[in-house]
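Below, all heavy atoms of this structure are taken into account, side chains as well, without hydrogens, waters or symmetry copies. Here the structure is a predicted model, which means the values were calculated and not measured. Naming convention: chains lettered A, B, ... in sequence-line order (proteins, then strands); numbering from 1 in each chain.
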Amino acid sequence: MGTRMQARLAYFGVGVLAGVGAGAGYWRVYKQLELSDSLESRHKNTELPLEQRVFKYGRPESPFSSRTYTSHSVLYDHVHKVPLWSAEVITPQGISGPAKRGNSRFQPDPTILTRFSSGNADYLKSGWSRGHMTPAADCKHCQSAMDDSHYLTNIVPQDFNNNSGYWNRLEMFCRDLAEKYPAVYVTSGPLYLPSPSLDDGGKKFVKYQVIGAGKVAVPTHLYKVILAETDDSSDPASQPPPSLGVFVVPNKPLGDEELTSFQTTLTELETLCGISFHSKLDRSNVSDLCKTDKCKLMTTLELKQFVYSLRLGRAKSEEQIGEILDEAKKEGLERDSVIAQSAAQQGNKLNTSATNGS
DNA sequence: CGGCATTGACAT
DNA sequence: ATGTCAATGCCG
């Protein structure tokens, strides 16, 4: 305490020598010293451990614990108002079922304090869509899972075209994997990656838009970690290695880019987002998903055909069917292919309702 | 499959 | 007047 006073006196001395504010300055510094002395003498708990002293009025709290819902788990980012990650395990049973998307609505997660939560108003007319991280289509097993997936803790602002296009096809790819592997573990989330500034000498900046009154962050990229189990038998040593695929996809309109062009390593992703994934996984014993599998997404044209076949299934009149088929043909689709796929979808629908119904 | 906008009923 | 909700139709 003596040394601090000396320091102040020394500073005062320099001030006087410099001739700054002679009279009034002297008085001000004198009063300040007097005040400091009395404050120091009034702080009596200097003998307590620092832990007790600095957090006397409570420790800074970031409510960073994940929450598990009916069929997915989320760690929420209270700063950006989107998930940090959303995790699920896809199985054939989980992705077929009676739950309907139309019965669920996007809504704030009731477990998040309002001032930390995004709202639908932030998204509407923002120019960005509400993109599921754990997809709604993976939550068809029961309606509560479907409802949970619509909590805004599972949603990020996503480019419309990307959401219904490339990312949609990537999600379909994951569901297809679930038909080939006993279990597919998928973790998805947003990224805010630096990019070189054109008007500032190529220096790198992290730049992202925020939308709505809640200032919800629009990620520059989205990631997906896909871990496909080849065997779920009890003895891990005898199992073939699981397949791992990690992808970082820009949050913008995309076409028929190769999925492998967005592939990266798990370690690289981890350094990008500061999160460790699958800590119990033996990384020396995993195979590249894009080697064991083709990592081929449905093409944009194939998705278009898929969409038209869905519309065909909902058509209410012969006349409407004709209109849809005409329009599909203008888009470069084969009439018979659309009809055939529509029929196949109806068949699937009957099968799933038969296995889950009555 | 992925979304949005409009509408009408109802409450504030 | 203004906001919420669910049903419906629309588009990519």
Side-chain angles (χ1 to χ4, degrees), chain A residues 86 88 90 94-108 110 114 117-141 143 145-147 149-152 154-179 186 188 211-214 216 218 222 224 249 251-256 297-317 319-321 323-324 326-328 330-333 337-338 341-342 344-349 352:
Chain A
S86 181
E88 58 175 327
I90 309 180
I95 59 178
S96 67
K100 289 187 176 62
R101 190 191 172 99
N103 294 334
S104 302
R105 260 156 296 282
F106 293 106
Q107 58 179 305
T114 305
S117 177
S118 64
N120 284 323
D122 295 321
Y123 285 88
L124 297 177
K125 296 179 181 176
S126 71
W128 299 87
S129 68
R130 292 168 289 195
H132 283 81
M133 287 299 92
T134 288
D138 295 357
C139 301
K140 295 178 74 171
H141 181 66
Q143 193 63 45
M146 178 67 69
D147 292 347
S149 79
H150 282 74
Y151 283 144
L152 295 180
N154 185 44
I155 302 297
V156 306
Q158 189 173 3
D159 174 84
F160 285 88
N161 177 295
N162 182 286
N163 194 1
S164 60
Y166 198 90
W167 192 257
N168 185 15
R169 283 181 278 136
L170 177 53
E171 291 173 340
M172 290 174 170
F173 169 73
C174 293
R175 281 190 288 277
D176 285 343
L177 289 176
E179 304 294 340
V186 182
S188 312
I211 56 173
V216 181
V218 180
L222 303 171
K224 220 178 243 306
V249 178
N251 187 10
K252 67 179 187 185
L254 294 170
D256 285 319
L297 299 188
M298 179 186 291
T299 66
T300 53
L301 193 64
E302 286 167 340
L303 176 62
K304 197 168 283 181
Q305 175 170 308
F306 174 81
V307 168
Y308 273 104
S309 59
L310 280 178
R311 287 190 196 165
L312 209 55
R314 289 195 303 260
K316 291 172 182 172
S317 65
E319 185 190 359
Q320 203 174 351
I321 289 175
E323 289 173 4
I324 292 170
D326 285 348
E327 196 183 337
K330 282 180 193 168
E331 298 274 358
L333 298 173
S337 305
V338 177
Q341 181 161 359
S342 181
Q345 283 163 1
Q346 297 302 318
N348 286 339
K349 191 183 291 182
T352 57

May I have the distance from A:I324 (atom CD1) to C:dC11 (atom P), rounded to whole angstrom?
11 Å
Under a 3.5 Å threshold, yes or no: a donor from one side chain and an acceptor from the other, between A:Y308 and A:Q341?
no
Check the distance between C:dG12's C1' and A:W167's CH2 and give it to me in whole angstrom.
18 Å
May I have the distance from A:K100 (atom NZ) to C:dA6 (atom P), rounded to whole angstrom?
17 Å
Taken to the nearest whole Å, CD/A:Q305 to P/C:dG12 is 18 Å
Parallel, tilted or perpendicular, judged at 30° and 60°: which one describes the rings of A:H150 and A:H132?
perpendicular
Look at A:R169 and B:dC1 and indicate whether a side-chain polar atom (N or O) is within less than 4.0 Å of OP1 or OP2.
no
Hey, what are the protein-to-nucleotides 4-7 of chain B N/O distances that come in under 3.5 Å?
| unit_1 | atom_1 | unit_2 | atom_2 | d |
| --- | --- | --- | --- | --- |
| B:dC4 | OP1 | A:R130 | N | 3.4 |
| B:dC4 | OP2 | A:R130 | NE | 3.3 |
| B:dC4 | OP2 | A:R130 | NH2 | 2.8 |

In this structure, how many angstroms lie between the C1' atom of B:dG2 and the CE atom of A:M298, rounded?
12 Å
Atom-to-atom span, CD of A:Q320 to P of C:dT8 - whole angstrom
15 Å
Just to verify, what does A:S188 make a side chain to side chain donor-acceptor pair (under 3.5 Å) with, not counting sequence neighbours?
A:K224
Interatomic distance, A:N163 CG vs B:dC1 P [rounded to whole Å]:
14 Å
Just call it for A:G131: base, sugar-phosphate, or nothing, with non-hydrogen atoms closer than 4.0 Å on any strand.
sugar-phosphate
Closer than 3.5 angstrom, by distance alone: can the side chain of A:N154 be matched with the main-chain N or O of A:T134 as a donor-acceptor pair?
yes
So, do A:K252 and A:N162 sit near enough that their side-chain heavy atoms are less than 4.5 Å apart?
no
Rounded to the Å, how far apart are A:R311 CZ and C:dT8 P?
19 Å
Taking the side chain as C-beta and beyond, is there a heavy-atom pair between A:N163 and A:R130 under 4.5 Å?
no
